[in-house]
Amino acid sequence: MTAVTEVDALIVGGGPVGLAAGCALRAAGVKVLVADAGPAGRALDDARVIALSAGSRDILRGLGAWPATDVTPIQRIHISQRGHFGRTELRALDYDVEALGHVARAGTLARALGERAGALGLEVRYDTPVAGAQEQNGQLHVQTAGGDIAARVLLWCEGRISGDQALSRSRDYGQQAIIALATPVRPHGNVAYERFTPDGPVALLPYGRDYAVVYTCADTDAAALLAEPDAQFADRLASVMGERVQFSAIGQRSAWPLVLRMRTEIVRGREVWLGNAAQTLHPVAGQGLNLALRDVAQLTAVLLPALARGEGDIDTALQRYAQLRRTDRVATGGFTDTLVRVFGIGAGNPALGAVAGHARGAALALLDACPPARRFIGRRMMFGARGWP
Ligand SMILES: Cc1cc2nc3c(=O)[nH]c(=O)nc-3n(C[C@H](O)[C@H](O)[C@H](O)COP(=O)(O)OP(=O)(O)OC[C@H]3O[C@@H](n4cnc5c(N)ncnc54)[C@H](O)[C@@H]3O)c2cc1C
């Protein structure tokens, strides 16, 4: 008979969400094991560049996993739409914060979390896929090639939602995000841009001396955009940005398909789904990981005392967690989806596009003239639902 490893919490998936949850629980003395399907070190090569909100920085600092280097502050966010009037700007000064957010490579964040996990003695088993769990005698049992594991709670952080799950919201945008680093001709001054176009949003995030570009395009255009010569892609970007920014060099491009998937049930018995395994969002306004880190912070706050108190309290705590996450999940998923759809109205229909463009321009201008509304949106983006007045 093979030996069973017994832990308080098994975390399936060692991406940023699984490692953040693992560090948070391990730091409080909980016996945790993380099982990841991939090889050690793969996350360090993740080319995505992520905008981390002020709230995420607070959470990561609290975990001791805020990257010491290779993060770039965002001082201003300029929001506009291509081909129509209307713009607004969010400024760190207006919120009395040192930065609206910070930009880091996903690989840098993976390194910081990995180092913290190592310092805490968090056990991470790589090349260990987990397919499902069975409940036996009040514990969840999983089988892996390296042996069986039994846990009091099981956190699914495997970064995706399998096809047969009930979803409260689901959309295939028919779009992909082309990401790349692009060197601007003039220093970026720590200004980020979110520019809406009929083909989808384009974001420029200041990163080191470069911009991290997230360029949304139709699925059918992605292959051509990846193959386009650098100079042509640089010209394309400059023309989208209304010549605000010119580029002298473009780095390697990659494409990411865009969908919205919100799992209806994020807690079932002693199983919890977190991060992209609970909700996968469009990257507009950079909300996915920020929302996920709030999942982790909230779960830790309710689960730690319950684990210490005993079995009866764990079920109640997890139900409470699901309730507490409802508002932030619904609001953040709805916010990103609404942005994409509202700014997409009229794509392919010039008459409707003109009317919708004017209406959106008026809304952006109104927002710019209304500091309380700007403050509301800015705080939501920085802190999620807890940023609400
Ligand atoms: C183009 C793009 C730009 C983005 N920009 C931003 C941004 O600016 N700000 C922001 O907040 N968010 C952003 N996001 C979202 C963010 O990247 C995700 O929310 C985040 O990576 C999710 O992390 P995760 O740990 O849940 O999943 P993942 O990073 O996918 O990690 C999942 C892990 O689980 C492992 N795994 C999978 N299956 C199994 C299994 N069966 N058994 C064991 N292990 C398994 C995998 O090997 C992997 O290590 C962006 C996303 C995209 C696509």
Side-chain angles (χ1 to χ4, degrees), residues 10-22 33-53 55-57 59-60 74 77 101-107 109-110 113-114 124-133 142-146 149 154-162 173 175-180 192 194 200-205 207 212-217 222 253-261 263 273-296 332-333 336 381-382 384:
L10 170 63
I11 299 176
V12 177
V17 177
L19 281 187
L33 194 153
V34 178
D36 194 280
R42 186 174 65 179
L44 302 178
D45 298 329
D46 191 331
R48 280 174 295 182
V49 176
I50 304 280
L52 292 163
S53 66
S56 292
R57 182 208 48 202
I59 292 168
L60 289 165
I74 302 175
I77 304 176
H102 288 81
V103 182
R105 230 173 42 83
L109 181 58
L113 283 162
V124 184
R125 290 188 190 167
Y126 290 99
D127 301 307
T128 304
V130 174
V142 305
Q143 293 182 327
T144 72
I149 305 166
L154 177 47
L155 311 185
W156 294 100
C157 303
E158 80 265 57
R160 62 193 148 74
I161 303 173
S162 60
Y173 292 105
Q175 293 179 332
Q176 301 202 20
I178 307 289
I179 64 164
E194 188 82 54
V202 175
L204 299 184
L205 302 172
Y207 172 65
V213 178
V214 184
Y215 184 101
T216 315
C217 66
R253 274 158 272 166
S254 61
W256 297 77
L258 302 180
V259 295
L260 169 70
R261 300 272 185 273
R263 229 187 124 96
W273 285 263
L274 294 158
N276 271 28
Q279 61 267 323
T280 305
L281 309 183
H282 192 293
V284 66
Q287 295 291 304
L289 185 57
N290 291 306
L291 176 63
L293 289 171
R294 299 196 292 272
D295 287 348
V296 170
T332 307
T336 56
M381 288 174 71
M382 283 190 282

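As the structure lists them, so they are numbered: ligands from 1, and atoms in each ligand from 1.
- Distance from atom 30 (O) of ligand 1 to its nearest protein heavy atom, with residue and atom name: Gly159 CA, 3.6 Å.
- Looking at Val214 and Val202, their side chains never come closer than 4.5 Å, going by heavy atoms from C-beta outward.
- No part of Ser56 comes within 4.0 Å of ligand 1, judged by heavy-atom distances.
- Proximity to Gly38 (heavy-atom distance under 4.0 Å) selects the following atoms of ligand 1: 47 (O).
- Residue-level proximity to ligand 1 for Ala37 is carried by backbone and side chain together, each with a heavy atom below 4.0 angstrom.
- Taken from OH in Tyr215 to CD1 in Ile179, the straight-line distance is 15.5 Å, to the nearest 0.5 Å.
- Protein heavy atom nearest atom 18 (C) of ligand 1, with residue, atom name and distance: Asn276 OD1, 3.5 Å.
- Closest approach of Asp46 to Ala106, counting heavy atoms only: CG-CB, 3.6 Å.
- Contacts of Ala131 with ligand 1, taken as heavy-atom pairs under 4.0 Å, are absent altogether.
- The nearest heavy-atom contact from the protein to atom 4 (C) of ligand 1 is Pro283 CB, 3.7 Å.
- Atoms of ligand 1 found under 4.0 Å from any heavy atom of Gly15 (numbered from 1 in listed order, with element): 25 (O), 31 (O), 33 (C), 49 (O).
- In this structure, Ala292 has no heavy atom closer than 4.0 Å to ligand 1.
- Annotation: Val130 places an N or O atom under 3.5 Å from an N or O atom of ligand 1; distance criterion only.
- The protein non-hydrogen atom at the shortest distance from atom 6 (C) of ligand 1 is Ile50 CD1, 3.7 Å.
- Remark: ligand 1 and Val17 share an N or O pair separated by less than 3.5 Å (distance only, no angle test).
- Annotation: ring pair (Phe, Tyr, Trp, His ring centres under 6.0 Å) contacts of Tyr207 (sequence neighbours excluded): none.
- Contacts with ligand 1 closer than 4.0 Å are made by side-chain heavy atoms of Arg48 only, the backbone lying farther away.
- Of the N or O atoms in Leu289, one or more lie within a sub-3.5 Å distance of an N or O in ligand 1.
- Residue contacts with ligand 1 include Val12, since one of its heavy atoms falls under 4.0 Å from the ligand.
- Between Ala35 and ligand 1 there is a heavy-atom distance shorter than 4.0 Å.
- Note: no N/O pair closer than 3.5 Å links Trp256 and ligand 1 by distance alone.
- In terms of modelled atom types and a separation under 3.5 Å, the side chain of Asn290 and the main chain of Ser53 share a donor-acceptor contact.
- Between the CG atom of Leu204 and the CD1 atom of Ile77 there is a distance of 12.0 Å, given to the nearest 0.5 Å.
- In this structure, the separation between CG on Leu154 and CD1 on Ile149 is 9.5 Å, given to the nearest 0.5 Å.
- Of all the heavy atoms in Gln176 and Pro257, the pair that sits closest is CG-CA, 4.1 Å.
- Proximity of Arg294 to Ile59: side-chain heavy atoms (C-beta onward) are separated by under 4.5 Å at one or more points.
- The Cys157 neighbourhood of ligand 1 comprises atoms 32 (C), 33 (C), 34 (O), with distances under 4.0 Å to a heavy atom of that residue.
- Atoms of ligand 1 found under 4.0 Å from any heavy atom of Pro16, numbered from 1 in the order shown, are 23 (O), 25 (O), 29 (O).
- The two residues Asn276 and Gly159 have their closest heavy-atom pair at CB-O, 3.4 Å.
- Atom 38 (N) of ligand 1 has as its closest protein heavy atom Arg160 NH2, 3.0 Å.
- Shown here for Gly275 and Ala292, the closest heavy-atom pair between the two residues is CA-CB, 3.5 Å.
- If you run side chain to side chain contact (heavy atoms under 4.5 Å, CB included) between Leu291 and each of Thr336, Thr332, Val17, only Thr332 comes through.
- Taking every heavy atom of Ile179 and a limit of under 4.0 angstrom, the matching atoms of ligand 1 come to 1 (C).
- Set against the non-hydrogen atoms of Asp36, the atoms of ligand 1 under 4.0 Å away are 33 (C), 34 (O), 35 (C), 43 (C), 44 (N), 46 (C), 47 (O), 48 (C), 49 (O).
- The protein atom (non-hydrogen) at minimum distance from atom 34 (O) of ligand 1 is Gly13 CA, 3.3 Å.
- Note: Leu274 CG to Gln279 CD = 8.5 Å, rounded to the nearest 0.5 Å.
- The ligand atoms of ligand 1 that sit less than 4.0 angstrom from a heavy atom of Gly288 are 10 (C), 11 (O), 12 (N), 19 (O).
- Residues Ile161 and Ala277 approach most closely at CG1-O, 3.2 Å, considering heavy atoms.
- Judged by the shortest distance from any of its heavy atoms, Thr280 lies outside the 4.0 Å radius around the atoms of ligand 1.
- Shortest contact from atom 8 (O) of ligand 1 to any protein heavy atom: Ala51 N, 2.8 Å.
- When every heavy atom of Arg253 is checked against every heavy atom of Ala180, the shortest pair comes out as CG-CB, 3.6 Å.
- At a 4.0 Å heavy-atom cut-off, ligand 1 touches Thr128 through the backbone alone.
- Closest to atom 37 (C) of ligand 1 among all protein heavy atoms lies Glu158 O, 3.3 Å.
- Looking at Thr144, its side chain never comes within 3.5 Å of a backbone N or O of Val130 through a donor-acceptor pair.
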